[in-house]
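This report refers to the structure that appears directly beneath it.
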Amino acid sequence: SQAPLRVPITLPNGFTYEQPTGLFINGEFVASKQKKTFDVINPSNEEKITTVYKAMEDDVDEAVAAAKKAFETKWSIVEPEVRAKALFNLADLVEKHQETLAAIESMDNGKSLFCARGDVALVSKYLRSCGGWADKIYGNVIDTGKNHFTYSIKEPLGVCGQIIPWNFPLLMWSWKIGPALATGNTVVLKPAETTPLSALFASQLCQEAGIPAGVVNILPGSGRVVGERLSAHPDVKKIAFTGSTATGRHIMKVAADTVKKVTLELGGKSPNIVFADADLDKAVKNIAFGIFYNSGEVCCAGSRIYIQDTVYEEVLQKLKDYTESLKVGDPFDEEVFQGAQTSDKQLHKILDYVDVAKSEGARLVTGGARHGSKGYFVKPTVFADVKEDMRIVKEEVFGPIVTVSKFSTVDEVIAMANDSQYGLAAGIHTNDINKAVDVSKRVKAGTVWINTYNNFHQNVPFGGFGQSGIGREMGEAALSNYTQTKSVRIAIDKPIR
Ligand SMILES: NC(=O)c1ccc[n+]([C@@H]2O[C@H](COP(=O)([O-])OP(=O)(O)OC[C@H]3O[C@@H](n4cnc5c(N)ncnc54)[C@H](O)[C@@H]3O)[C@@H](O)[C@H]2O)c1
């Protein structure tokens, strides 16, 4: 018997809603052709939430064909104002359903409701911002002399394949579809295997928003099947990916065969620097927020803390106390700051890194163990007195584990901060504006936060230096990832003068 395409789900907060469980192709939820399914697990109690259809290569081909048709016959040729209005409507609908979406996200990913609500708020702001850009895609007129009239315009690319991770499932859905749709592209998006629910729920709002069938298609499925097929498909003109650097590197190679445009938002090992002249209490809150927010499952997490030697022990003690005051547990508990890790795989990856750090000789200050026995919870963990060549300092853990190192001079901390293959973000805590600006110029990172951390805005570009990625999300910069320039020269046979 066939699995249903919608199921009623009672959320942990007691609220019931209808969850679509099919593939979203051409405006409809459908079963996968081969009728394959997979289970979605709630990471905070390890119980099955529901079963979702799993896309295979033939489903990808169908979704790409639908997206291609929608691109050619509808979305790329409508007036830009129509695209703007649809994105405004979608932003309004996300707002209308914000509590349901936040609860779905907490249940599916394990993140605290506090974090999920922050995600959903940014989703609607960002979609609205993209709507605002839709009718402001300008070209140029180029002065090439009296015998020609020359201009350039920006055109959409076509069908975009979008592959997103599990740490911010709904936010990444919006960061991907927003700029693609604003500029007239259509999309086939693959959510991560472990967290498909919010993207499926939100995509059903597209029709009500006035986005035609086929413009947005969602294919839950594996990276190896759906992700590979999207990256190789000749009718997919661009791949936008967020996830690990290893997978990003692989996607680039696969996409090279058809010379697709590729944008990548990858991993990080971002430094967070505390100078002795900072407001130390505020700095401690920021560095804790920088690593423990979203259970540490943040690409730009400030996972390497550098404290100036004269305040090292004092800040470390404050960090220990503050970390131990953070409430960990049930994501639906309004007091909880840190929920569950997203999967059994991540839980064990993180616990393995605790063992690695201990065996390398790092000093465990707090945490370093599982929290509770059911659900994938990890205690917020601080390791001090690390050496810069330790694996725990070099490798991305993607969990609530931070290392603390000591420095004495600006030059020394710049060298330590920049000693990484990554370059996603950096934090600087100081009350000296000259030092703040100087250090911000010298750190190699796509985003620098001064006296704050993990602080996003829908109009501020975000993306990586080095092996942290290619291209930028959000702001005007995100739009240029989704257009190509066409130059037009008109010969003027008889110039008037
Ligand atoms: N930068 C980020 O935002 C981010 C997000 C998630 C994970 N990570 C890092 O990656 C580590 C591993 O997590 P993961 O295995 O889920 O990440 P991943 O990069 O493998 O997965 C991210 C997305 O890519 C897809 N994918 C996997 N293999 C693919 C392939 N061959 N072709 C196309 N798509 C493919 C996945 O299905 C998922 O949708 C984490 O521990 C963390 O360090 C980083």
Side-chain angles (χ1 to χ4, degrees), residues 38 43 52 54-57 60 108-111 119 161-173 175-176 188-196 198-199 218-233 236 239-257 260 262-270 293-301 303 341-353 356 376 378 391-392 394-401 421-425 446-447 454 456 462-464 466-471 473:
F38 64 97
V52 167
K54 181 179 187 180
M56 302 300 286
E57 281 97 343
V60 177
D108 196 4
N109 164 277
K111 66 175 71 193
D119 293 359
Q162 305 185 316
I163 301 169
I164 61 172
W166 35 258
N167 52 340
F168 292 97
L170 188 70
L171 190 59
M172 292 303 111
W173 168 87
W175 285 17
K176 297 295 183 243
V188 179
L189 179 144
K190 191 195 87 63
E193 292 90 325
T194 45
T195 54
S198 57
I218 309 289
L219 298 183
S222 79
R224 248 178 241 126
V225 175
V226 178
E228 289 279 334
R229 181 72 187 140
L230 280 174
S231 309
H233 202 297
V236 172
I239 290 286
F241 168 78
T242 299
S244 63
T245 295
T247 302
R249 215 176 270 138
H250 172 76
I251 285 174
M252 244 183 134
K253 288 181 188 155
V254 176
D257 280 343
K260 286 186 185 22
V262 176
T263 44
L264 305 171
E265 205 264 275
L266 307 175
K269 192 76 186 175
S270 299
Y293 182 71
N294 209 51
S295 317
E297 292 173 348
V298 182
C299 48
C300 54
S303 48
Q341 307 308 134
T342 206
S343 63
D344 189 40
K345 184 178 149 198
Q346 284 306 117
L347 171 75
H348 286 101
K349 180 181 170 189
I350 294 162
L351 295 176
D352 284 350
Y353 268 108
V356 166
Y376 312 132
V378 177
R391 281 183 60 201
I392 195 66
K394 289 272 166 247
E395 296 172 18
E396 182 178 50
V397 177
F398 228 66
I401 297 191
Q421 60 168 331
Y422 298 114
L424 201 47
T447 293
N454 276 340
F456 294 92
F462 176 77
Q467 294 193 29
S468 287
I470 298 175
E473 315 253 21

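None of the values given here were measured: they were computed from a predicted structure. Counting starts at 1 for both ligands and their atoms, in listed order. Values below: all heavy atoms of this structure, side chains included; hydrogens, waters and symmetry mates excluded.
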Is there a polar contact, in the sense of an N or O pair closer than 3.5 Å, between Phe398 and ligand 1?
no
Please state which part of Val226 comes within less than 4.0 Å of ligand 1, counting heavy atoms only: side chain, backbone, both or neither.
neither
How long is the span from the CG atom in Leu264 to the CD1 atom in Ile470, to the nearest 0.5 Å?
4.5 Å
Correct closest heavy-atom pair for Glu228 and Arg224 would be CG-O, 2.8 Å
Residues Thr195 and Asn109: closest non-hydrogen pair is CG2-CA, 4.0 Å
I'd like to check whether Ile164 has a polar contact with ligand 1, where a contact means an N/O of the residue lying under 3.5 Å from an N/O of the ligand.
yes
Output the list of atoms in ligand 1 that are nearer than 4.0 Å to some heavy atom of Glu193, sorted by atom number.
36 (C), 37 (O)
What protein heavy atom is closest to atom 20 (O) of ligand 1, reported as residue, atom name and distance in Å?
Thr247 OG1, 3.0 Å
Does Gly223 reach ligand 1 with a nitrogen or oxygen that is under 3.5 Å from one of the ligand's nitrogen or oxygen atoms?
yes
Does Lys345 have a heavy atom less than 4.0 Å from any atom of ligand 1?
yes
Value for CG (Leu219) from CE (Met56), rounded to nearest 0.5 Å, stands at 12.0 Å
If the contact criterion is a heavy-atom separation under 4.0 Å, does Phe168 count as touching ligand 1?
no
Can you name the nearest heavy-atom pair linking Ser295 to Pro400, along with the distance?
O-CD, 3.2 Å
Measuring from Cys300:SG to Tyr293:OH, what's the distance to the nearest 0.5 Å?
10.0 Å
So if I count the atoms of ligand 1 from 1 in the order they appear, which ones are less than 4.0 Å from some heavy atom of Gly267?
1 (N)
State whether a side-chain donor-acceptor pair under 3.5 Å links His348 with Asp352.
no
Can you figure out which of Ser231, Ser244, Gly221 has its heavy atom closest to atom 19 (O) of ligand 1?
Ser244
Calculate, to the nearest 0.5 Å, the distance between atoms CG and CD belonging to Leu351 and Gln346 respectively.
11.0 Å
shortest atom 25 (C) of ligand 1-to-protein heavy-atom contact is with Ile163 CG2, 3.6 Å
Give the atom numbers and elements of ligand 1 that come within less than 4.0 Å of a heavy atom of His250.
31 (N)
Pick one of side chain, backbone, both or neither for how Glu297 approaches ligand 1, counting any non-hydrogen atom pair under 4.0 Å.
neither
Tell me the protein heavy atom at minimum distance from atom 16 (O) of ligand 1, and give that distance in Å.
Trp166 NE1, 2.6 Å
Could an N or O of ligand 1 be found under 3.5 Å from any N or O of Thr242, whether backbone or side chain?
no
Nearest non-hydrogen protein atom to atom 31 (N) of ligand 1, with distance, is Glu228 OE2, 2.8 Å
Heavy-atom donor-acceptor pair, Glu297 side chain to Phe398 backbone, under 3.5 Å:
no
Test item, Gln346 contacting ligand 1 (heavy atom, 4.0 angstrom)
yes
Can you sort out which atoms of ligand 1 are near Phe241, meaning under 4.0 Å from one of its heavy atoms?
19 (O), 22 (C), 23 (C), 24 (O)
I need the atoms of ligand 1 closer than 4.0 Å to a non-hydrogen atom of Leu266, numbered in the order shown.
1 (N)
For atom 40 (C) of ligand 1, what's the nearest protein heavy atom and its distance?
Lys349 NZ, 3.5 Å
With heavy atoms of Cys299 as the reference, note each atom of ligand 1 found under 4.0 Å away.
1 (N), 2 (C), 3 (O)
Nearest 0.5 Å please: distance from the CD atom of Gln467 over to the CZ atom of Arg249.
5.0 Å
Is there a protein heavy atom at a distance of less than 4.0 Å from atom 43 (O) of ligand 1?
yes
Could you list the atoms of ligand 1 found under 4.0 angstrom from a heavy atom of Lys190?
36 (C), 37 (O), 38 (C), 39 (O)
Begin with the C-alpha distance, continue with both residues' side-chain angles, and end with the deciding distance and a verdict on side chain to side chain contact (heavy atoms under 4.5 Å, CB included) for Phe168 and Thr242.
CA-CA 10 Å; Phe168 292 97; Thr242 299; over 6 Å; no
By number and element, which atoms of ligand 1 are closer than 4.0 Å to a non-hydrogen atom of Glu396?
9 (C), 42 (C), 43 (O)
Between OG1 of Thr342 and NZ of Lys111, what distance do you get to the nearest 0.5 Å?
8.5 Å
For atom 6 (C) of ligand 1, the protein heavy atom that lies nearest, with its residue and separation
Pro165 CB, 3.4 Å
Would you indicate whether Lys349, at its atom NZ, is surrounded by more than 12 heavy atoms from other residues, nucleotides or ligands within a distance under 6.0 Å?
yes
Give the minimum heavy-atom separation between Ile164 and Pro191, together with the two atoms involved.
CG1-CA, 3.7 Å
So, does Lys269 use its side chain to make a donor-acceptor pair with the main chain of Glu395 at under 3.5 Å?
yes
